[in-house]
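Throughout, protein chains are lettered first and strands after them, A, B, ... in sequence-line order, and every chain is numbered starting at 1. Just so you know, these numbers come straight off a predicted model, no measurement behind them. Both backbone and side-chain heavy atoms feed into the values below; hydrogens, waters and symmetry mates do not.
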There are 2 protein chains.
Amino acid sequence: MAPNRRKMIVDAATKSFSLFGYKATTMDQVAKLANVGKGTIYTFFKNKEELFEEIMSSLVKEMIAEAEAVLKPELPFTENVHRGLYRILEFRSRHQLMIKLAQEEKEMGTIAVSDMLQHVEDEIIAYLKQKIEAAMAKGAIPKTNPEIISFLLLKMYVALLSDWEKKHEPLSSDEIAEIMKGLLLHS
Amino acid sequence: MAPNRRKMIVDAATKSFSLFGYKATTMDQVAKLANVGKGTIYTFFKNKEELFEEIMSSLVKEMIAEAEAVLKPELPFTENVHRGLYRILEFRSRHQLMIKLAQEEKEMGTIAVSDMLQHVEDEIIAYLKQKIEAAMAKGAIPKTNPEIISFLLLKMYVALLSDWEKKHEPLSSDEIAEIMKGLLLHS
DNA sequence: AATTGACTATAAAACTAATTTAGTCAAAAA
DNA sequence: TTTTTGACTAAATTAGTTTTATAGTCAATT
């Protein structure tokens, strides 16, 4: 077995970030976990932040793949929006690394973490926007500013899935679908 | 002129909270500004937090009065929702005390301030909810869970008025009205 | 040519001393 | 009497200092 050093490093860092957060993960720690000299890390990544970026970039890809997996072309567009967004936010709320980072942002306000979470959100909006533009081109939904609509849809889902839970009983996927349908269908 | 000590205290505290925030306002400072011995403050208010509560309670009343002032019974319900919420959030974003408290929450994370801002939000939602229940009773809008709808409407307006500005050009009242109308009228 | 870990400059944490502050209460004023 | 006051205290916060930990480097090693 030829040890793939790069992969060892990424796996070790992912595990450590998930367990201890970004700030509390040291490069010495990562090197030890990866069975690698610390200097080796710096032959693959310019610095700690770049290693973090690579890991989070994979995570976004994974998230989007999960969303894609639940889409069904034969369903109405709004139903697919619900399925995709629900899946993404559920992923976010169950994934150990995302949980830890959200906690770190709230409790310690680590700048690198805030920036990264903002970036993840931007990527989700960009993904949604692209889907919305396609639907508009097809005439499936009326033409309006797709960036604003994506932004607003994500905020609505975050409100119903995450924020609502802070003071009330959680809402099920069906309840959320029902609320969205009710809202979108009339004034 | 018989000096109304209670009012002097409340005015002084309001001014100091607006200028320096909750944490950085000392009771000695308030006493001095109000031309009153420190002990006098404690004959009217049990402690600093209760003084804060009285001031914020007035502010919420003022906010709701501003919203009421722009409502017109002859307009459709959704138009009035827009007018009221826009007014409340605009008030919030222009009022010195609210600006200072939002800044203090973000930068220092003062617990008493976080709790108070949450409370203000809850009061806005309660106000909206009552309007929505009335509209539902009249048959102006379909019957669904008024608490969730209020919560979601406020989140949507905050997203469009405050959050959007963080990365894009601000949206005008008319643009927001247009977006909401577009969203609410179809899928 | 690839890998390493001792090394360094810097940042964070721990500790301590000094200061500040919310709230009290005995005395003064009304 | 009743109301007002500010010196006082215990607790918390801040400022200053020392110690420790860490990101990133690089000469030596494999």
Practice task
Sorted by first residue and then second, give each salt bridge (Lys or Arg N to Asp or Glu O under 4.0 Å) pair with at least one member in residues 10-34 of chain A; sequence neighbours left out.
Solution key: A:K7-A:D11, A:D28-A:K38
Practice task
Could you identify which residues cluster with A:L19, counting Ile, Leu, Val, Met, Phe, Trp and Tyr as linked when any side-chain heavy atoms lie under 4.5 Å apart, either directly or through a chain of such contacts?
Solution key: A:F20
Problem - Cluster companions of B:I111 among Ile, Leu, Val, Met, Phe, Trp, Tyr (side-chain spacing under 4.5 Å) - result: none
Problem - side-chain hydrogen bond (donor to acceptor under 3.5 Å, both in side chains) pairs, two or more places apart, involving residues 109-120 of chain B - result: B:E104-B:T110, B:E105-B:S114, B:Q118-B:D122, B:H119-B:E123
Exercise for the section: Please answer whether the main-chain N or O of B:T40 pairs with a side-chain N or O of B:T43 as donor and acceptor at a distance below 3.5 Å. Expected result: yes
Problem - Validation row: B:V81, B:M180 side chains within 4.5 angstrom (heavy atoms) - result: no
Problem - Expected output: side-chain B:R83 to main-chain B:L71 donor-acceptor under 3.5 Å - result: no
Exercise for the section: Could you list by number each residue of residues 29-37 of chain A showing a heavy-atom separation from DNA chain C of less than 4.0 Å, or answer none if no residue does? Expected result: A:V36, A:G37
Fill in the blank from the handout: Applied to residues 44-68 of chain B, the side-chain hydrogen bond (donor to acceptor under 3.5 Å, both in side chains) test, sequence neighbours excluded, yields B:R6-B:E54, B:E66-B:R87, B:E68-B:Y127, B:E68-B:K131
Practice task
Stems involving DNA chain D: give each as a range paired with a range, ordered by first number, where a stem means at least three consecutive Watson-Crick or G-U wobble pairs under 3.5 Å.
Solution key: C:1-30 with D:1-30
Problem - A:I41 CD1 to C:dT3 P, straight-line distance once rounded to whole Å - result: 12 Å
Exercise for the section: Let me have a per-nucleotide readout for nucleotides 21-26 of chain D, 5' to 3', with B, S or -, counting only protein heavy atoms under 4.0 Å. Expected result: -SBBB-
Practice task
Could you tell me whether a side-chain N or O of B:S150 sits under 3.5 Å from a main-chain N or O of B:P146, the two making a donor and an acceptor?
Solution key: yes
Practice task
Would you list the pairs meeting salt bridge (Lys or Arg N to Asp or Glu O under 4.0 Å) in which at least one residue belongs to residues 151-164 of chain A, sequence neighbours left out?
Solution key: A:E121-A:K155, A:K155-B:D163, A:D163-A:K166, A:D163-B:K155
Fill in the blank from the handout: note: A:M108, atom CE; C:dA12, atom P; distance rounded to Å ~ 10 Å
Short heteroatom pairs, N/O only, protein and nucleotides 28-30 of chain D, under 3.5 Å:
none

Practice task
Tell me yes or no: between the side chains of B:H82 and B:S173, is some donor less than 3.5 Å from an acceptor?
Solution key: yes
Fill in the blank from the handout: Atom CZ of B:F44 and atom C1' of D:dT3 are separated, to the nearest Å, by 9 Å
Exercise for the section: Using only side-chain N and O atoms of B:R5, determine if any of them is under 4.0 Å from OP1 or OP2 of D:dT4. Expected result: yes
Problem - Selection residues 50-74 of chain A - residue pairs positive for ring pair (Phe, Tyr, Trp, His ring centres under 6.0 Å), sequence neighbours left out - result: A:F17-A:F52, A:Y22-A:F52
Exercise for the section: Please state whether the phosphate of C:dT3, meaning OP1 or OP2, lies under 4.0 angstrom from any side-chain nitrogen or oxygen of A:R6. Expected result: no
Exercise for the section: Return each pair, listed once, that meets salt bridge (Lys or Arg N to Asp or Glu O under 4.0 Å) where at least one residue sits in residues 142-153 of chain B; pairs must be two or more places apart or across chains. Expected result: B:K129-B:E147
Exercise for the section: Please check the phosphate of D:dT5 (OP1 and OP2 only) for any side-chain N or O of B:T40 closer than 4.0 Å. Expected result: yes
